[in-house]
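See below for the structure under consideration.
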Amino acid sequence: MNKVYPAIFEQDTVGFGIYFPDVEGAVTQADSIPEGLVMAADALGIMLGDLIEKDCSLPDPTPINEIAFDKRKQFVTLVSVNLTDYLKEGQLDKKNVSIPHWLNVRAEKAGVNFSKTLTEALMDKLEV
C-alpha cells in the first residue's frame, strides 16, 4: 500500500532537515538530497504505520502546489512509501468466511490465496 505526501527539505549548515507538514512527528535529516529522500520515506513510513496500528485516521496530504515554503532555503517534493514494510504483521487473526460455492470453486482452480485476497480487499475497503 503506497502513500505519497509532500515533504519540505530545508538546507542548513550540515545538510538538510526534512519534515512533512501533514504528518506530525515525521522529521529527519540527511547530508544530501538522495540520502534525504531515503530517510524521508523511512520517517514517513514509521509515523504512518504507527497511526494505522493505533487505529487513527491518516491525514490527507496537502496538494504540493498549496505548500508554503521559503524559496531561498527550502524546496518541496513528494515522497512515496510502501506502508506494508512498516506494519507489524507478526500476529495473524484467523477468520472463517462464507462465500458462494461457485466462487470458491473458481478461486481454488485459479490458485487464489484467500488470506492474501481478503487482506488486500480489507485494506482497499478501509483505505489503509
Side-chain angles (χ1 to χ4, degrees):
M1 153 185 43
N2 290 318
K3 295 293 178 184
V4 179
Y5 282 82
I8 296 178
F9 280 58
E10 182 171 329
Q11 193 160 17
D12 58 30
T13 57
V14 295
F16 295 90
I18 306 151
Y19 65 96
F20 293 84
D22 301 314
V23 184
E24 186 175 339
V27 297
T28 191
Q29 62 186 35
D31 294 331
S32 66
I33 293 171
E35 179 189 23
L37 290 168
V38 172
M39 298 297 288
D42 192 44
L44 182 62
I46 290 168
M47 294 309 296
L48 294 180
D50 188 56
L51 288 173
I52 290 171
E53 288 177 356
K54 290 180 178 174
D55 198 26
C56 298
S57 298
L58 295 183
D60 291 327
T62 301
I64 193 169
N65 59 342
E66 294 179 14
I67 300 287
F69 64 100
D70 182 348
K71 291 179 173 75
R72 292 172 291 146
K73 60 181 180 175
Q74 297 177 325
F75 70 90
V76 181
T77 189
L78 294 174
V79 174
S80 175
V81 65
N82 185 340
L83 289 182
T84 55
D85 297 336
Y86 294 90
L87 297 173
K88 298 176 186 147
E89 296 184 25
Q91 177 182 345
L92 300 176
D93 293 337
K94 186 173 183 170
K95 295 290 178 189
N96 293 323
V97 298
S98 297
I99 61 172
H101 176 73
W102 65 267
L103 188 58
N104 181 54
V105 170
R106 289 185 70 174
E108 286 182 348
K109 281 184 182 177
V112 170
N113 179 325
F114 287 88
S115 294
K116 181 179 179 186
T117 301
L118 178 58
T119 299
E120 290 170 351
L122 286 170
M123 290 175 78
D124 283 345
K125 181 76 170 178
L126 299 172
E127 298 180 354
V128 294

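Below, all heavy atoms of this structure are taken into account, side chains as well, without hydrogens, waters or symmetry copies.
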Anything under 3.5 Å between a donor and an acceptor, one on a side chain of residues 1-8, the other on a protein residue two or more places apart or in another chain? List them.
unit_1: Y5; atom_1: OH; unit_2: P59; atom_2: O; d: 2.4

*asked:* Within this structure, what is the CE-CD1 distance for the pair M39 and I33, rounded to the nearest 0.5 Å?
replied: 15.0 Å

*Which value, rounded to the nearest 0.5 Å, describes the distance between L87 atom CG and D50 atom CG?*
10.0 Å

*Can you see which heavy atom on A41 is nearest to which on S80, and at what distance?*
CB-O, 3.7 Å

*Treat each ILVMFWY residue as a node, draw an edge where side-chain heavy atoms are under 4.5 Å apart, and state whether L48 and V27 are in one component.*
no

*Check whether more than 12 heavy atoms from other residues, nucleotides or ligands sit under 6.0 Å from atom CG of D55, and answer yes or no.*
no

*Taking the six-membered ring for Trp, are F9 and F75 parallel (under 30°), tilted (30 to 60°) or perpendicular (over 60°)?*
parallel

*Quick one: do L51 and M123 end up in the same hydrophobic cluster if we chain Ile, Leu, Val, Met, Phe, Trp and Tyr together by side-chain heavy atoms under 4.5 Å apart?*
yes

*So which pairs with a foot in residues 15-40 pass salt bridge (Lys or Arg N to Asp or Glu O under 4.0 Å), sequence neighbours left out?*
none

*Count the heavy atoms of every other residue, nucleotide or ligand shown that sit under 6.0 Å from CD of Q74, and state whether that count exceeds 12.*
yes

*Cationic tip of K116 within the cone over F114's six-membered ring, i.e. under 6.0 Å and within 45° of the normal?*
no

_Taking L83 as the starting point, is it possible to reach V23 by hopping between hydrophobic residues whose side chains are less than 4.5 Å apart?_
yes

*Is L44 reachable from L58 through a run of I, L, V, M, F, W or Y residues, each pair having side-chain heavy atoms under 4.5 Å apart?*
yes

*Looking at side-chain heavy atoms only, is the closest gap between R106 and V112 below 4.5 Å?*
no

*In Å and rounded to the nearest 0.5 Å, what is the CD1 to CZ distance from I67 to F20?*
11.0 Å

*Quick one: CD on Q29 to CD1 on I18, what's the gap to the nearest 0.5 Å?*
8.5 Å

*Could I get the full list of side chain to side chain contact (heavy atoms under 4.5 Å, CB included) partners for L103, not counting sequence neighbours?*
P100

*What distance do N104 atom CG and I99 atom CD1 have between them, rounded to the nearest 0.5 Å?*
4.5 Å

*Please answer: with hydrophobic residues joined when any side-chain heavy atoms are less than 4.5 Å apart, are Y19 and I46 in the same cluster?*
no

*asked:* Return the CD1 to OG distance between I52 and S57, rounded to the nearest 0.5 Å.
replied: 10.5 Å

*How about D42 and Y86: does a side-chain donor come under 3.5 Å of a side-chain acceptor?*
yes

